[in-house]
Amino acid sequence: MAGTVQSVERAAAVITYLGATPEPVALADIARVLGLAKPTVHGIVRTLVGVGFVEQDPESGRYALGAELVHLGDGLDPHLLRSRAVNWADGLAAHTGLEVQLGMLAGQEVELLHHVFRPDGSAQRLRVGERQPLHATSLGVILLAFAPAAGRLRDLELVPYTSTTPTRRLELTRAVQQASRRGWTLADGTFRSGTAALAAPVRHHAGVGVGALALVGRRERVVGPGGEPLAGLVDQLVAAADAVGHTLRDRL
């Protein structure tokens, strides 16, 4: 068995000490209690501050556990994700002329948290609250690639919604791997015939996908003759998803 990683052990010791101390602690006290050199402790706490696990009081300079660590196991509030995404989703629909969907993992499915109609005045129905399959949709595939959902892939029932729905485990695995490399995915008629969708992850700390944005529309409005996304759509989608993720990372 490989040995332990000393830097991780020391970071864990700092977090444990701060968690057991009711008041913010000075750097010198952390170093003294843990028996470490002050420069070593300074490097550790600055790293932990950078990821939100530790906070430094701007007046006293003392350190305490950060809110990110305190709430780490709480999961992301869907209402918060929706509220941070609304403006970006609305703008995305206006600029692309396509339907925009915001989704989040819900067990073995994707739940739609927000839905913006195509701005063309055509008949549409609101899909908020709708559940969609992971394997057949762009939202589902991108969440399989970026959210903590790897175990779900092998347990999914690969129902064929259309003739192009991935129904073999290897086929779906390759689609997920490609989405992970690209940072976006395309579902061309895999859920509804004649409809194509692009999706990109909304990422929180450490690049973890907590949700996803999708552009959805008639195939000819999304992909070109060669089957690739029309120019500009991917860039706009990824930029919007990244912007939503940035607002989430800055919320505390």
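What you see is a predicted model; the values in this text were computed from it and never measured.
- R84 places a side-chain N or O within 3.5 Å of a backbone atom of T247 that can act as its donor or acceptor partner.
- The pair R218-E99 does not meet the salt-bridge criterion, since no charged nitrogen lies less than 4.0 angstrom from a carboxylate oxygen.
- For R82 (side chain) and L113 (main-chain N/O), a donor-acceptor pair under 3.5 Å exists by modelled atom type.
- The heavy-atom pair separating V222 from L233 by the smallest distance is O-CD1, 3.6 Å.
- Other residues, nucleotides and ligands contribute at most 12 non-hydrogen atoms within 6.0 Å of the CZ atom of R174.
- Between the S83 side chain and the L80 main chain, a donor and an acceptor come within less than 3.5 Å of each other.
- Closest non-hydrogen pair, A93 versus P119, comes out as O-CG, 3.5 Å.
- In this structure F117 satisfies the ring-ring contact (aromatic ring centres under 6.0 Å, His included) test together with H115, sequence neighbours excluded.
- Counting heavy atoms from C-beta on, the side chains of Y63 and V25 never come closer than 4.5 Å.
- Two residues are said to be in side-chain contact when any heavy atoms from C-beta on lie closer than 4.5 Å; H135 and Y161 meet this criterion.
- Q101 is listed as a side-chain neighbour of L139, based on a closest heavy-atom distance under 4.5 Å.
- For the 3.5 Å distance criterion, the side chains of Q56 and R46 qualify, holding a donor opposite an acceptor.
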